[in-house]
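Order of listing sets the numbers, starting from 1, for every ligand and every atom in it.
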Amino acid sequence: MDKPASVPDRFDAVVVGAGFSGLYMLYRLRQLGLSVKVFDSAGDVGGTWYWNRYPGARCDIPTTDYTYSFDPELEKEWTWSEKYATQPEILDYLRFVADRHGLRSDIEFSTTVTSARWDEPGKQWRITTGGGREVRCRYYIMATGCLSMPKSPDIDGAGRFAGQVYFTSRWPHEGADLTGQRVAVIGTGSSGIQSIPLIARQARQLTVFQRTANFSIPAHNGPPPAGRLQQLDGDRDAYRHAARWSRGGVPLEPTDVLGVTASEAVRRERFEAAWEQGELFGILNVFADQGVNPPSNDIVAEMIREKIRAAVEDPETAEALCPKDHYFGTKRPCLDTGYFETYNLPHVRLVDLRKQPIVSITEDGIETADESFGFDAIVYATGFDAMTGALVGADVAGRDGVSLREKWAAGPSTYLGLMTAGFPNFFMLTGPGSPSVLSNMTVSIEQHVDWVARCLEDLRDEGLETIEPTAQAEAGWDQHVQDCGAITLYPTANSWYMGANVPGKPRVFLPYIGGVDAYRQACDEVATRDYLGFRMTGPGGTRCRDGVVRSMQPDVAMVMEFVNALGLPPMETLSAADARALMTATAENRPPGPEVGKVTDGVIPGPDGDLPYRLYRPAGPFEGPRPLVVYFHGGGWVLGNLDSDDPLCRDLCARSGAVVVSVNYRHAPEVRFPAAALDAFAAVQWADANAIELGGIPGQLAVAGWSAGANVAAVACQLARDAGGPHITGQLLLCPAVDSDLTRPSYEENGDGYILTTALMRWFWDHYADPADRGDPRAAPLRGDLAGLPPACIVAADFDPLRDEGVAYARALEAAGVPVRLARARGHTHTSVTMVDVVISGAPVRAEMAAALGDFFPAAEPPAHVS
Ligand SMILES: Cc1cc2nc3c(=O)[nH]c(=O)nc-3n(C[C@H](O)[C@H](O)[C@H](O)COP(=O)(O)OP(=O)(O)OC[C@H]3O[C@@H](n4cnc5c(N)ncnc54)[C@H](O)[C@@H]3O)c2cc1C
C-alpha cells in the first residue's frame, strides 16, 4: 500500500530496499548530510530476513561474521545466541539497528518502486512507486538484493491446486501449521534443505520432489564457536580487518595443499576437519585446487557422497540424494541440520524428478510420469531469479530511454558490479560483477556502501553532478569477471550463479569470483586513480580518465604476485651459469604437462658437433606417420634446454597430434651469433631428411619456437627459403624476438615487472650478438626479405615487451604476401602461455596454437583432445 504524497518529492538520493544494504546506505548518506528516501515493498526492515520466514531459515555464514562492523558500539550491545542464528533473530537484529540509528523515519514501507527514468535535462532520476506517485532524486541506489525476486514455479497446472500453497521466500507471518497434513516440498536448494527436517516433524506424510541433488554438510549448530568469540574479543578490529581483506569475507588462511598430490591420509584428515567444523568456506578450502581441477574436486565430492550414503538407510534414496551432475561448490553448497537423516523417517519419501518428472499439478496433488500423489499442502522451495531479477524487475531506464532489461538482454554488463554505462548516477549494491553471493554478504555490502558514499562525497567536493562508467571500462570489467570465472569449474554447472535456473535467462557467470580482497583492491584503485573508467560531469565540464582497471588474466596475476614475493635477484645481475641454475631451480616443482605416447632423446649432427633433441610422439589414435614440428626452446639464446620447455612440447604434441622434435641449439655467451640460428637451420634440414625415421610424413614439416626459440625458427625459415629447401609448411612463433630495437611502445609499457624485462632483453642481446650484427636478418628476422616465407601463426601477449615486434612481424609478413594468423594472448605475459597446468587461462591460447599447426597440415587428422 502506497502512502500519500506527504513528503517532499525531491531528494538527494533514493534507495530501494531496507535490508542489510539499504539500511547501511541510508545511515552513510545521512552522515554526508544528504536528504534520502528509502522505499521497500516489505512491511518492515530486514529484506531477506523479513521475507524468508520458513521453518529452519537461518544464515549459513556464522552469525559472528554475518553482521555489521561499522558501529563498534552496536557490536558490543548485540550478542548472537547461535553459531548460525535463526531468521527471527537476524530480523530482530536488523530492527535493533534501525531503531538504534533512528532509520525508520526515512523509510517508506509497503511501497514498491515500479519504474525509474533518467531525466537528462534535469540531471535527475524520476522514480515512480506502485501508487503512481513520483519522486525525483539525483542519485538512485538499488539495494534490492541478490536473492529477493522469487522465481515463479514453471510447472504446468501450478495455479490449479486447491489445497494450501506456500513459498519459502514468502512464508506467512503468522506461520503455517502443517500438523497431520500430507505435504509436498518442491525443490532441494538451500531453503528446501533447511526446511525439510522441520516440516517432517509436523507433517503426517512428506514427499520431497527433487530435480537436482545438492551437496550439503552438517552445520553443527550450537552456541557461537568459542574460538571465534575469543578472536573477536581479543582484537575485534583486527578480526574485521582480516575479514575485509580475505577471499570470502570471513578470515581464513587459504590452503596450499593440492588435492591431486596430497596423500590419502592428508586428504582424509583435511576433509574430516572441515566436515566437523561445519562452515562453507572451510569445506570449500579443503584443497587449493578443488575449484579449478576436476580430479581434486572429485576427491571432496566423493567424500561427501560417502557421508550421504552412510546417513541414508535406503540405498536407492541415498543414491538419488548423491549429487553427480555438478562439481562440488559450483552450485551453492548447503548447511543442514539432520537433512539426509530425515529420509530415514517412515513418513518421508524422496521423488527423483530425473526419473519421474512432474507432468502437472492437479487440484488435489501432483502427477508425475509414473504416479499420482494427493496432498493437502504444497511448499515451493524453488529459489530466486538471482542477482538480476530485482534490478530488471523495477523497469529502470537510463539515457535515451534504454531500459536495463534491454541493455542486459544478453547478460548483465557492469563496471565493478556497481554501475552500468548509460545510467548516470545509478548505483547497484551487490550487483552482478561483484563478489556478492560468493562472499559473506555483510562484508561485501559494507564495502559497496562505503565506496558509494566516498564517491558521492568526492563528487560533491569536486563540484561534479554526474558519474557514469565508460564503455571501455565496463567492457574491461565484464571481461575480467568472465576471465575469473573461466579458470574455475563454476561455469560448468547449471546453477543460479549462471542464470540457469530461470528459463530464457542468458547463461553468464554473474558474480565476481576473484575474491572480496581483490575486488576491494580494484575498487579502491579505481577511486584513487581519479575514478579510472568513469566519466564525471559538472558545471565546469567533463572529466574522464578512461581505462581498464584489470586486464591481466587472473591466474597470470597470481603467478606474478607469487614470483614477486620470492624476491629473486634480477637475472641480468647474474652470470649466465647462475641464471641457468636459477631457471632450472624455479622449474623444479612445476606440473609435468600432459601424457604423450612416447618420448625419446637423441642427438643430431649440427654444424659444429652434435645437438641433443627430444622427440614427442602423440598417443592414442595417432599411430603411423604424423606431421613433424621442429621446436626451439626460449631463453634469450643464453638459457633453456630440452627440459625447460618440456611441458609446452608435450602440450603441443598432445593437442596437435603432430610429432614434436625439440632441438637444443648452442647457447651464448659460449657460442655467439649466428650459431643458434645456424643450428636451427641444420636441425630443420636434418628433420626433413629423416622425416620417415622420426615417424613424420615427408613434406609435412613445420617449425615452432618460443621467444629466442621463435627467433631462430623464423630465421630458419628465411635460410630455408634462400637455400631452396627444405620446404617448411608453417611457422608457429610464440612471443617471438624478431628485432633488436628495444624502444617499441610495448617495451615502454611492459619493460619492467613482468619477468621478461627490458634490462634482461638487453642482457640477452649483449650475450648473443655484437651491436654491429644486431641488424643482420639472421639476428633480427624482421629486417629480412619476407617474401615467399611459409604461412605463420604469431602469438603476441599483451604484457610482453616483445608484443609489438611480434605484431610488426605479422604485419610485415602479411605485406609480403605471406598468410598470417595473429593470435592475441589476452592478459598474458611473455612467459605465462608456456606455464602448462599452472596458468589455466593459457590453455585456450595453446589450443589456438595447436589449431594453427593443424592448418599447416591440411591432410592430417583432427587434433587430439586435451582439455
Ligand atoms: C534464506 C537465505 C539465507 C541467506 N543466508 C545468507 C548468509 O548466511 N550469508 C550471506 O552472506 N548471505 C545470505 N543470504 C543472502 C542475503 O540475501 C544477503 O546476505 C543480504 O541479506 C542481502 O541484503 P540486501 O539488503 O542487499 O538485500 P535484501 O535483504 O534482499 O533486501 C532487498 C529489499 O529490497 C526490496 N525490493 C526489491 N525490489 C524492490 C522494489 N522494486 N521496490 C521496493 N522494494 C524492493 C525487497 O522487498 C527487499 O526487502 C541469504 C539469503 C537467503 C534468501
Side-chain angles (χ1 to χ4, degrees), residues 2 14-26 37-54 56-68 83-87 90-91 93-94 97 107-116 127-130 140-151 167-171 189-195 219 243 248-250 279-281 332 334-335 381 383-387 389-396 428-431 434-446 448-449 496 511 516:
D2 279 32
V14 163
V15 177
V16 191
F20 268 104
S21 305
L23 291 178
Y24 182 45
M25 191 77 246
L26 170 58
K37 176 57 71 183
V38 180
F39 294 112
D40 199 312
S41 323
D44 196 1
V45 298
T48 295
W49 305 103
Y50 172 88
W51 295 109
N52 291 268
R53 295 164 184 253
Y54 58 86
R58 291 174 188 274
C59 55
D60 58 11
I61 297 287
T63 335
T64 42
D65 297 83
Y66 185 62
T67 189
Y68 286 127
K83 177 181 173 191
Y84 297 109
T86 58
Q87 171 270 329
I90 303 173
L91 182 57
Y93 169 74
L94 288 167
V97 173
I107 308 176
E108 260 184 59
F109 295 110
S110 306
T111 306
T112 299
V113 167
T114 52
S115 79
I127 314 292
T128 311
T129 66
Y140 175 49
I141 302 166
M142 289 187 84
T144 44
C146 294
L147 300 171
S148 56
M149 177 66 85
K151 186 177 96 81
F167 292 86
T168 49
S169 55
R170 292 290 181 268
W171 203 258
S190 196
S191 305
I193 283 177
Q194 285 187 335
S195 60
V250 176
E279 292 192 23
L280 278 183
F281 289 123
R332 189 179 178 91
C334 307
L335 289 187
F384 300 92
D385 181 352
M387 301 207 64
L391 292 167
V392 299
D395 189 20
V396 185
M428 295 162 276
L429 302 182
T430 71
S434 76
S436 57
V437 290
L438 295 176
S439 66
N440 170 6
M441 288 199 64
T442 52
V443 171
S444 289
I445 285 167
E446 286 193 334
H448 281 218
V449 169
W496 54 259
V516 164

Checklist outcome for this item: among protein heavy atoms, the one nearest atom 53 (C) of ligand 1 is Thr48 CG2, 3.6 Å
Next on the checklist: Tell me the contacting part of Ser439 for ligand 1: side chain, backbone, both, or neither, using a 4.0 Å heavy-atom threshold, strictly below.
Outcome noted: backbone
Checklist entry - In the protein, what heavy atom is nearest to atom 21 (O) of ligand 1, and what distance, to one decimal place, separates them? => result Tyr66 OH, 3.1 Å
Checklist outcome for this item: d(Lys83 NZ, Arg58 CZ) to nearest 0.5 Å is 11.0 Å
Checklist entry - Is there a heavy atom in Asn440 that sits closer than 4.0 Å to ligand 1? => result yes
Next on the checklist: Check this for me - ligand 1, Ile61, N or O atoms closer than 3.5 angstrom, yes or no?
Outcome noted: yes
Checklist outcome for this item: Taking only non-hydrogen atoms of Ser148 and a 4.0 Å limit, the atoms of ligand 1 in range are 30 (O)
Next on the checklist: Can you report which non-hydrogen protein atom sits closest to atom 34 (O) of ligand 1, along with the distance?
Outcome noted: Gly17 CA, 3.3 Å
Item to check | Nearest option to atom 24 (P) of ligand 1, as decided by whichever heavy atom of Ala381, Ser21, Gly43 sits closest | outcome: Ser21
Next on the checklist: Heavy-atom distances under 4.0 Å decide this one: backbone, side chain, both or neither, for Thr111 against ligand 1?
Outcome noted: backbone
Checklist entry - Mind checking whether Tyr68 and Tyr24 have parallel, tilted or perpendicular rings, split at 30° and 60°? => result tilted
Checklist entry - In terms of the angle between their ring planes, are Phe20 and Tyr93 parallel, tilted or perpendicular, with boundaries placed at 30° and 60°? => result tilted
Item to check | N or O contact, Tyr54 vs ligand 1, cut-off under 3.5 Å | outcome: no
Item to check | Heavy-atom nearest neighbour in the protein, as seen from atom 36 (N) of ligand 1, with distance rounded to 0.1 Å | outcome: Thr144 CG2, 4.0 Å
Checklist entry - So which heavy atom in the protein is nearest atom 47 (O) of ligand 1, and how far is it from that ligand atom? => result Asp40 OD1, 2.7 Å
Checklist entry - For ligand 1, does Tyr50 get within less than 4.0 Å through its side chain, its backbone, both, or neither, judged by non-hydrogen atoms? => result neither
Checklist entry - Any N or O of Phe384 that comes nearer than 3.5 Å to an N or O of ligand 1? => result no
Checklist entry - Which one holds for Phe20 and ligand 1: side chain close, backbone close, both close, or neither close, with close meaning a heavy atom under 4.0 Å? => result both
Checklist outcome for this item: For atom 6 (C) of ligand 1, the closest protein heavy atom turns out to be Asp60 OD1, 3.8 Å
Next on the checklist: Does ligand 1 come near enough to Ser41 that some N or O of the ligand is less than 3.5 Å from an N or O of the residue?
Outcome noted: yes
Item to check | ligand 1 contact on Ala143 by region, counting heavy-atom pairs under 4.0 Å | outcome: backbone
Item to check | Protein residue, atom and distance nearest to atom 42 (N) of ligand 1, heavy-atom basis | outcome: Val113 N, 2.9 Å
Next on the checklist: To check your reading of the model: name the closest protein heavy atom to atom 31 (O) of ligand 1, its residue, and the distance in Å.
Outcome noted: Gly47 CA, 3.4 Å
Checklist outcome for this item: Near Cys59 (heavy-atom distance under 4.0 Å), the atoms of ligand 1 are 5 (N), 7 (C), 8 (O)
Checklist entry - Which ligand 1 atoms are under 4.0 Å away from a heavy-atom of Val16? => result 39 (C), 40 (C), 42 (N), 43 (C), 44 (N), 45 (C)
Checklist entry - Hey, are Ser444 and Ser439 close enough side-chain-wise for a donor-acceptor pair under 3.5 Å? => result yes
Checklist entry - Mind checking whether Thr442 has an N or O less than 3.5 Å away from an N or O of ligand 1? => result no
Checklist entry - Which bit of Tyr84 gets closer than 4.0 Å to ligand 1, counting heavy atoms only: side chain, backbone, both or neither? => result neither
